[in-house]
There are 2 protein chains.
Amino acid sequence: MMVSTKGRYALTVMVDIAKNSNGEYVPLADIARRENLSNKYLESIIAILIKGEMLISLRGKNGGYKLSREPKDYNISKILKLTEGTLAPVNCIIQDGVTCDKAATCSTLPLWTGLDRVIENYLGGITLEDIVIGNRKKMLGDYCDKCSAL
Amino acid sequence: MMVSTKGRYALTVMVDIAKNSNGEYVPLADIARRENLSNKYLESIIAILIKGEMLISLRGKNGGYKLSREPKDYNISKILKLTEGTLAPVNCIIQDGVTCDKAATCSTLPLWTGLDRVIENYLGGITLEDIVIGNRKKMLGDYCDKCSAL
DNA sequence: CAAAATCCTACCATTATAGCAGGATTTTGT
DNA sequence: ACAAAATCCTGCTATAATGGTAGGATTTTG
């Protein structure tokens, strides 16, 4: 049930650029240094974000990467799905519509479907801006009181 | 973000026994045949469920496995945690209390914490009985209308 | 005492994760 | 023009996790 480092770093990159860009292109090396990640690994992750149109790149001197839109217009679910492929907890609900041949009689499918909806609903409702400004109420919701240590 | 086959099969086993026991011990081979799983792999998964006190076993003739309590007294989160180790989406919140050294300044931690709570809240609220009787309202909740195909 | 059944220890193949290396290409500033 | 700065592209590799298999020991019942 773990989100891979790829997904976590992808989100970290998006947040880093949102915080450090000011409309300028942010070079990879700067992000890697700030976030303490290797240039090379980061490169491969950023490539995915560009292909998914989350970032815009510029080659050459003064080049780098910047967001393709406003932080509030990114939802976290879509960012993570790019690198993770899917966020569905089981294979049978990866392809929407196409299910396994035992779906009609499968007792556990409703559980996995429900779990998928809950995850999608949560991550789809959080924006990059929420993370950047630290909107704890939205991220932690009703649980905010219980986690005063955070 | 996938639940492994171990976790899925563990839940499948619990449901199978709940449905086919009637207080008797259910032999492994019967479960394997019904669920179309290999005896040997199932064996290793059931061993985990026994160690976690989810099942009671009896050796010898007429032996097998049965539930250690009523279906309504199992919550799905605990069953899955046994085989999955944790359901937390990132390492930094695996050990409750102990977090990574950058926790205080980590922008994304509240997101991962929130996601963890949402998952735990959902799976912790569903019981084995809900799955056995097919309580779609509880499992699919507000989304139940939208998934008439299921 | 044999058959039925779980229990235990160890092994193995495949895939996914996490990351590295090297060089090609593009763009800017001087 | 051209060097420096930067992304882009192709391919590789080590480690760990997943998903499973094998063989036999032990226990219990009829």
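Computed from heavy atoms alone, side chains included, the values below leave out hydrogens, waters and symmetry copies. Letters A, B, ... are given to chains in the order of the sequence lines, protein chains preceding strands, and every chain is numbered from 1.
Summarising the geometry, the separation between OH on A/Tyr41 and P on D/dC9 is reported as 19 Å, rounded to the nearest angstrom. Rounded to whole Å, the distance from NZ on B/Lys40 to P on D/dG24 is 11 Å. Taking atom CE of residue B/Met2 and atom C1' of nucleotide D/dT18, one finds them 13 Å apart after rounding to whole Å. Distance A/Arg59 CZ to D/dA3 P: 20 Å, rounded to the nearest Å.
Nucleic acid contact for A/Ile46: none, since no nucleic acid atom lies under 4.0 Å from a heavy atom of the residue. Within the nucleic acid shown, A/Tyr25 has no heavy atom closer than 4.0 Å to any nucleic acid atom.
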Working note: B/Tyr122 + A/Leu111, criterion side-chain contact (heavy atoms from CB on, under 4.5 Å); need CA distance, chi angles, decisive distance, verdict. CA-CA 10 Å; B/Tyr122 174 74; A/Leu111 177 84; 4.2 Å; yes
Which is it for B/Ser68 and B/Tyr74 under the side-chain contact (heavy atoms from CB on, under 4.5 Å) test, yes or no, and what are the steps along the way? CA-CA 9 Å; B/Ser68 61; B/Tyr74 289 95; 3.1 Å; yes
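Using a cut-off of 4.0 Å between Lys/Arg side-chain N and Asp/Glu carboxylate O, B/Glu120 and B/Arg117 are scored as not salt-bridged. A salt bridge is absent between A/Arg8 and A/Glu35: the closest approach of a Lys/Arg side-chain nitrogen to an acidic carboxylate oxygen does not fall below 4.0 angstrom. Ionic pairing of A/Glu129 and A/Lys138 is not present here: no N-O contact between side-chain nitrogen and carboxylate oxygen is shorter than 4.0 angstrom.
Close approach of DNA chain C to chain A, defined as any atom under 4.0 Å from a non-hydrogen atom of the protein, starts and stops at C/dA18 to C/dG29.
Pairing for D/dT29 is with C/dA2, a Watson-Crick or G-U wobble pair whose two hydrogen-bonding atom distances lie under 3.5 Å.
Although no hydrogens or angles enter the test, the distance criterion places a donor-acceptor pair under 3.5 Å between the side chain of A/Asn20 and the main chain of A/Asp16.
Applying the 4.0 Å criterion to OP1 and OP2 of D/dT21, one finds that B/Ser38 has a side-chain N or O inside that range. Within the 4.0 Å cut-off from OP1 or OP2 of D/dC8, at least one side-chain nitrogen or oxygen of A/Tyr65 is found.
Residue whose closest nucleotide on DNA chain D sits further toward the 5' end, between A/Lys51 and A/Asn62: A/Asn62. Annotation: of the two residues near DNA chain C, A/Arg8 and B/Ile50, the 5′-most nearest-nucleotide partner is B/Ile50. Heavy-atom distances to DNA chain D give each of A/Gly60 and A/Glu43 a nearest nucleotide, and the one nearer the 5′ end belongs to A/Gly60.
Residues passing the side chain to side chain contact (heavy atoms under 4.5 Å, CB included) test with A/Tyr25 are A/Ile56, A/Leu58, A/Lys66, sequence neighbours excluded.
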